[in-house]
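Heads up: the structure comes next, in structure tokens.
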Amino acid sequence: MADPRLRRKLTTAGNAPGVEKRPLFFFDLGCPYAYLAAERVATVLPIPPIWRLAERAAILRASGRDDWMSGPAEARLRHLSEIERRARERDLLPLRWPELPVDTRRAMLAAAFAQGTGRLVAFSLAAFRHAYAAGRSLARDETILLAAAACELHPRAVLAGIDLDSTRARLERSTAEALAAGVRMLPAVVWEGRVFHGDDSLEAAASAIAA
């Protein structure tokens with residue numbers, strides 16, 4: 001368990017002095033539950049969150065949990081059915097599944113590059129929609145560049161940015177920030193030292209923020 005003082009400090013990371021504190025929203029593009037949360041986090045939470053990348057593999061290792069996407073077929077079907085049910089209930093576009101699990105390392109690096117340009121939210125929403133509403137693989141550069149085009153990032157700049165040491169360092173720092181804050185499942189919202197895990201905890205996070 002992270003030191004509560006450290007977790008409180010991380011909760012407000014990125015907030016300038018004198019600016020209203022904002023919750024942190026941690027996600028991985030390869031997590032379908034994070035897609036569900038990303039589509040509604042800005043409207044459910046009373047304060048717009050700061051979006052933060054967190055590599056799912058590192059979070060799974062820290063929690064000691066297995067990846068359901070690589071597990072038994074019965075478990076995969078149970079999760080996929082639940083995600084589809086939630087998408088219907090929330091009036092999202094019908095899900096079209098890419099092949100799972102997907103290696104999203106390059107897509108996450110592209111998102112980290114987009115973060116450096118101030119376009120993390122726009123890139124991530126576009127990538128999520130291409131993956132889960134159009135069934136395109138985020139392991140393919142073609143899909144990454146479609147998401148980049150949606151937020152006016154030049155394709156050559158994105159492909160070059162993926163390979164930058166500074167981009168990898170940005171993704172590693174953000175993942176380390178999530179782990180230090182106590183994130184052990186994605187998606188997650190961190191607020192005032194508390195961690196709200198899962199798409200279905202957004203309402204509880206909203207209540208805590210409002211209080």
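Scope of the values below: all heavy atoms of this structure, side chains included, with no hydrogens, waters or symmetry mates.
Contact detail for P23 and V189: the closest heavy-atom pair is CB-CG1, 4.0 Å. The two residues A34 and F27 make their nearest non-hydrogen contact at CB-CB, 3.9 Å. In terms of heavy atoms, A178 sits closest to I59 at CB-CD1, 4.3 Å. Across R56 and D28, no two heavy atoms sit closer than the pair N-OD2, 2.7 Å.
Between L29 and F123 there is a side-chain heavy-atom pair separated by less than 4.5 Å. The side-chain heavy atoms of L95 and Y35, taken from C-beta on, include a pair separated by under 4.5 Å. Side-chain contact between V183 and E177 is absent, with no heavy atoms from C-beta onward closer than 4.5 Å. Looking at Y33 and E82, their side chains come closer than 4.5 Å, going by heavy atoms from C-beta outward. Contact check for V190 versus F26: side-chain heavy atoms found under the 4.5 Å cut-off. I144 is not listed as a side-chain neighbour of H130, based on a closest heavy-atom distance of 4.5 Å or more. With a 4.5 Å cut-off on side-chain heavy atoms, F196 and L202 do not count as touching. Between L100 and R76, every side-chain heavy-atom pair lies at or beyond the 4.5 Å cut-off.
No path of Ile, Leu, Val, Met, Phe, Trp and Tyr side chains, each step under 4.5 Å between heavy atoms, connects L164 with M108, placing them in separate hydrophobic clusters. Linking ILVMFWY residues whenever their side-chain heavy atoms come closer than 4.5 Å, directly or via other members, leaves M185 and W191 in distinct clusters. No chain of hydrophobic side-chain contacts below 4.5 Å, direct or via other Ile, Leu, Val, Met, Phe, Trp or Tyr residues, connects L93 to W97. Transitive grouping of hydrophobic side chains (ILVMFWY, heavy atoms separated by less than 4.5 Å) brings L45 and L125 into a common cluster. Cluster membership check: I83 does not share its hydrophobic cluster with L60, using side-chain heavy-atom separations under 4.5 Å among Ile, Leu, Val, Met, Phe, Trp and Tyr.
No salt bridge links E172 with R168; every basic N to acidic carboxylate O contact stays at or beyond 4.0 Å. With respect to the salt-bridge test (charged N to carboxylate O, under 4.0 angstrom), the residues R61 and D67 do not qualify. R86 and E89 are not joined by a salt bridge, as no carboxylate oxygen comes within less than 4.0 angstrom of a charged side-chain nitrogen. Note on R119 versus E152: no salt bridge recorded, every NZ/NE/NH1/NH2 to OD/OE distance being 4.0 Å or above.
Evaluation of the side-chain hydrogen bond (donor to acceptor under 3.5 Å, both in side chains) rule for H154 yields no partner, not counting sequence neighbours. By the salt bridge (charged side-chain N to carboxylate O under 4.0 Å, His left out) test, E142 pairs with R140, sequence neighbours left out. Not counting sequence neighbours, the partners of A150 by the side chain to side chain contact (heavy atoms under 4.5 Å, CB included) test are A126.
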Are D199 and R90 close enough, and set up right, to give a salt bridge (charged side-chain N to carboxylate O under 4.0 Å, His left out), and what steps lead you there? CA-CA 12 Å; D199 157 71; R90 290 157 192 174; 2.2 Å; yes
Test R40 against E203 for salt bridge (charged side-chain N to carboxylate O under 4.0 Å, His left out), laying out the working first. CA-CA 10 Å; R40 65 196 196 98; E203 283 77 12; 2.7 Å; yes
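A donor and an acceptor atom, one from each side chain of Q115 and W51, are nowhere located under 3.5 Å apart.
Heavy-atom contacts from other residues, nucleotides or ligands closer than 6.0 Å to CZ of R156 number 12 or fewer. Remark: D66 CG is loosely packed, at most 12 non-hydrogen atoms of other residues, nucleotides or ligands lying under 6.0 Å away.
The distance from the SG atom of C31 to the CD atom of E55 is 13.5 Å, given to the nearest 0.5 Å.
A parallel orientation is assigned to the rings of H79 and W68, their planes being inclined by less than 30° (bins at 30° and 60°).
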